[in-house]
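Each chain gets a letter, A, B and so on, in the order its sequence line appears, and its residues count up from 1.
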Amino acid sequence: MTVPTLLTKNPSFLFSFKPNEISASLEKTIKLLKISADTRNLRFGKTLHSQLIIANQSNELNVIQTNCLINLYVKCGEISVARKLFDQMPERNVVSWNALMAGYLHSGLASEALKLFKTMNRWESLRPNEYIFATVLASCSDIRALEEGKQCHGYVLKSGLVFHLYVKNALLDMYSRCSDVEGAMSVLKTVPGSDILSYNSIISGFLENGYLNEGLEVLRKMVDGFFVWDNFTHVTMLGLCASLKDLKLGLQIHNQILRREIEFDVFLGSAIIDMYGKCGKILNAKNVFYGLQERNVVLWTAIMVAYAHNRYFEEALNHFLEMELAGILPNEYTFAVMLNSCAGLSALRHGGLFHSRAEKSGFKDHLNVGNALINMYSKSGSIEDARRVFSDMIHRDTITWNSMISGYSHHGLGREALLVFHQMLASFGVPNYITFVGVLSACGHLGLVDEGFYYLNHLMENFGIKPGVEHYTCIVGLLGRAGLLTEAENLMKSNPIKWDVVAWRTLLSACHVHRNFGLGKKVADVILELDPNDVATYILLSNMYAKAKRWDGVVNIRKLMRGREIKKEPGVSWIQVKNNIHVFVSEDKKHLESQKIHEKVSELLSQIKMLGYVPDIASVLHDVGDEQKEEYLSYHSEKLAVAFGLMNTPSGAPIHVIKNLRMCDDCHTAVKLISKVTKRKIIVRDANRFHCFESGTCSCGDYW
DNA sequence: CTAGGGTTAG
């Protein structure tokens, strides 16, 4: 039926019909019902419904009339009304079934659609047609019901319905979204005839499941077939480039879009911004963003994501203000990016503000917001708050569990991490690669060697996850921590995996803690071969020489560093008090209250000396006298930041300090004792992990 | 009278 354009384009025009004109012809009413369904005009549709009843003089409506009504109510989101009409029908045809099934599918109840289909199968006189299978296969695809999908495949093959393009495309969509690459490819190759939709479906399905190379392969096939790309194709292909971080291909696609003078809609714009962001080209992303005429919340969020992805967290946060000024309201994704940017900066107070705003805006129960909150709180040092969010969450996915597990691990709370992991398994959560990094590092904190190997060798295999270098590094750390240095060394020698600097450094810190000077020296040589500029290694090695009182060694390291022009990155610590972030640089006296802060440090140090604190002057690399060395130690940035925090927060409040480098031994001992004399909880986030100091002990158990 | 795809987070 051809719909007059005036009607579809301007649904309000429909109101100009007088009820008596409508009842003039039943046929006309049917046409109008279709129009009101297509334009989602429930009010007008209801009028037509009553007209239909009147015109029929209380006789039962016929099948076609009722089908139209079902379609109307389904399209307008009134699925239960549609169901009632359907149930009351004395006789139904395939159209009745399909209209209702499609209704369920589109209201997110695909399983209800499949249930309906199964009852229809018992209706012997009705043979499902291509419409039915298009809907049923789409339902299978929606809930990833591969088995049912395959059964449909069998039926449509035998009945020949597979030759309808709608059915073929639904099959492609079903297989690719269910991760059945072979199924999808065989449909593509064996069933003749494809259109641009066939390719869009299969490629986006592959992309969704991480089959990037398979996606590229199909792309090549498509290019050979000379299909004209539509906007869906462009969006999907840009997504492929983003996942592959393939800038070259991305630029080509962007070029093609410009050349063909395709208009940028929201989808295309955000896909391009995202592609540039993922490829690390933030300037290109920015240019596209500011070049657009209209910017909605998705585009704003996309540019924020691009900044955050490239670790420009402050810029991401600034865009939030800019967006608000532009009068655009944030949605749940916006809050997720903001919270994750706060996490990246350990900006606990800003994070807390976004938490309350997200709550007020009604996004509290969104999965991605909950996940971001856990991430923000645990990376900002408030693991208890992270736990609170986690416990309140109604739905959890793998990322939820992972965030909580690795959050606990970073805080040295191995037992809690493992408890969450077992809770995850008990509630049928599906662990992935990242889950086991958190789990194995938790085993490390607890010194659970046997359990660690059990998880690595058995549990991971059960879940079909191949251990990678991150997992083996955890095992090295685990062995090292347990003092099994030879075993750790042998593992690294015998395992053919490509060990990186991080892995070797893990072994080196184990040597440092256990004062195994001989092995430490060997390991340091390996690291410096891989990366002659690895400052952490020089420092650890020099510390080891100092601990062994090998002063010649200390001097040699110093010479080596000078010769290679390696400079130690200055230690920087920061702390937020009220709305200001106070930054302290080691041995720097620039803070406004510098004088007062140093007095506070001296006071604290003399207090803890009475508890047995001895400054670790051997660790000072400068070539100066002992007294001077002690002074250098007292100016370490974390000591300044802690002192400042103690002076400017109410007694009993926890103190959060962030530091750019690994905490040094001396500060670690000092802060432990400071937490004791001041009765304060002091949380320091260093380059590797969290240290939670309380009553004279640290959550890391002096191993970090 | 009934059936088709896309954007932003981790």
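To the nearest angstrom, C1' of dA9(B) lies 12 Å from CG of Leu373(A). Regarding Tyr166(A), its OH atom lies at a distance of 8 Å from the P atom of dA3(B), rounded to whole Å. Rounded to whole Å, the distance from OH on Tyr104(A) to P on dT2(B) is 19 Å. Rounded to an integer number of Å, the gap from Asn375(A) CG to dG10(B) P is 8 Å. Protein atom CZ of Phe313(A) is 13 Å distant from nucleotide atom P of dA9(B), rounded to whole Å. Put simply, NE2 on His106(A) is 13 Å from P on dT2(B), counting in whole angstrom units. Remark: P of dT2(B) and CZ of Phe86(A) are 16 Å apart, rounded to the nearest angstrom. Following rounding to the nearest Å, Ile35(A) (CD1) and dC1(B) (P) show an atom-to-atom distance of 11 Å.
Minimum heavy-atom separation, Gly103(A) to Val74(A): CA-CG1, 3.4 Å.
Using a 3.5 Å distance cut-off with no hydrogens or angles, the side chains of Glu470(A) and Tyr433(A) do pair a donor with an acceptor. Under the 3.5 Å distance criterion, with hydrogens and angles disregarded, no donor-acceptor pair is assigned to the side chains of Tyr131(A) and His164(A).
Contacts of Thr135(A) with the nucleic acid, taken as non-hydrogen atoms under 4.0 Å apart, involve only primed sugar atoms and P, OP1 or OP2. Among the heavy atoms of the strands, none lies under 4.0 Å from Asn62(A). Looking at heavy-atom distances under 4.0 Å, Asn93(A) makes contact with a base.
A donor-acceptor pair under 3.5 Å is formed between the side chain of Ser36(A) and the backbone N or O of Leu33(A).
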Please tabulate, one pair per line, all N/O donor-acceptor pairs under 3.5 Å involving side-chain atoms of residues 201-211 of chain A, not counting sequence neighbours.
{"unit_1": "Ser201(A)", "atom_1": "OG", "unit_2": "Leu197(A)", "atom_2": "O", "d": "3.3"}
{"unit_1": "Ser204(A)", "atom_1": "OG", "unit_2": "Asn200(A)", "atom_2": "O", "d": "3.1"}
{"unit_1": "Ser204(A)", "atom_1": "OG", "unit_2": "Ser201(A)", "atom_2": "O", "d": "3.4"}
{"unit_1": "Glu208(A)", "atom_1": "OE2", "unit_2": "Arg144(A)", "atom_2": "NH1", "d": "3.1"}
{"unit_1": "Asn209(A)", "atom_1": "OD1", "unit_2": "Ser179(A)", "atom_2": "OG", "d": "3.3"}
{"unit_1": "Asn209(A)", "atom_1": "ND2", "unit_2": "Ser176(A)", "atom_2": "O", "d": "2.9"}
{"unit_1": "Asn209(A)", "atom_1": "ND2", "unit_2": "Arg177(A)", "atom_2": "O", "d": "3.3"}
{"unit_1": "Asn209(A)", "atom_1": "ND2", "unit_2": "Gly205(A)", "atom_2": "O", "d": "3.2"}

List the atom pairs, donor and acceptor, that lie under 3.5 Å between side-chain atoms in residues 324-340 of chain A and the rest of the protein, sequence neighbours left out.
{"unit_1": "Glu324(A)", "atom_1": "OE1", "unit_2": "Arg357(A)", "atom_2": "NH1", "d": "3.0"}
{"unit_1": "Glu324(A)", "atom_1": "OE2", "unit_2": "Arg357(A)", "atom_2": "NH1", "d": "3.2"}
{"unit_1": "Glu324(A)", "atom_1": "OE2", "unit_2": "Arg357(A)", "atom_2": "NH2", "d": "3.1"}
{"unit_1": "Asn331(A)", "atom_1": "OD1", "unit_2": "Tyr333(A)", "atom_2": "N", "d": "3.0"}
{"unit_1": "Asn331(A)", "atom_1": "OD1", "unit_2": "Thr334(A)", "atom_2": "N", "d": "3.1"}
{"unit_1": "Asn331(A)", "atom_1": "OD1", "unit_2": "Thr334(A)", "atom_2": "OG1", "d": "2.9"}
{"unit_1": "Thr334(A)", "atom_1": "OG1", "unit_2": "Thr301(A)", "atom_2": "OG1", "d": "3.1"}
{"unit_1": "Thr334(A)", "atom_1": "OG1", "unit_2": "Asn331(A)", "atom_2": "N", "d": "3.0"}
{"unit_1": "Thr334(A)", "atom_1": "OG1", "unit_2": "Asn331(A)", "atom_2": "O", "d": "3.4"}
{"unit_1": "Asn340(A)", "atom_1": "OD1", "unit_2": "Asn375(A)", "atom_2": "ND2", "d": "2.8"}
{"unit_1": "Asn340(A)", "atom_1": "ND2", "unit_2": "Ala336(A)", "atom_2": "O", "d": "3.1"}

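Distance from the side chain of Asn340(A) is smallest to dA9(B) among dA3(B), dT2(B), dA9(B).
Contact check of residues 68-83 of chain A against DNA chain B (heavy atom, cut-off under 4.0 Å) returns Cys68(A), Asn71(A), Lys75(A).
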Pairs: protein N or O with nucleotides 6-8 of chain B N or O, under 3.5 Å:
{"unit_1": "dG6(B)", "atom_1": "N2", "unit_2": "Asp265(A)", "atom_2": "OD2", "d": "3.3"}

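Under the side-chain hydrogen bond (donor to acceptor under 3.5 Å, both in side chains) criterion, the residue pairs touching residues 67-85 of chain A are His49(A)-Tyr73(A), Asn67(A)-Asn93(A), Asn67(A)-Ser96(A), Asn71(A)-Lys75(A), Arg83(A)-Asp87(A), Arg83(A)-Tyr104(A), with sequence neighbours excluded.
A donor-acceptor contact under 3.5 Å links the side chain of Asp397(A) to the base of dG10(B).
Phe463(A) is linked by a ring pair (Phe, Tyr, Trp, His ring centres under 6.0 Å) to nothing, counting only residues two or more places apart in sequence or in another chain.
A salt bridge links Asp274(A) with Lys278(A): the distance from a Lys NZ or Arg NE/NH1/NH2 to an Asp or Glu carboxylate oxygen falls below 4.0 Å.
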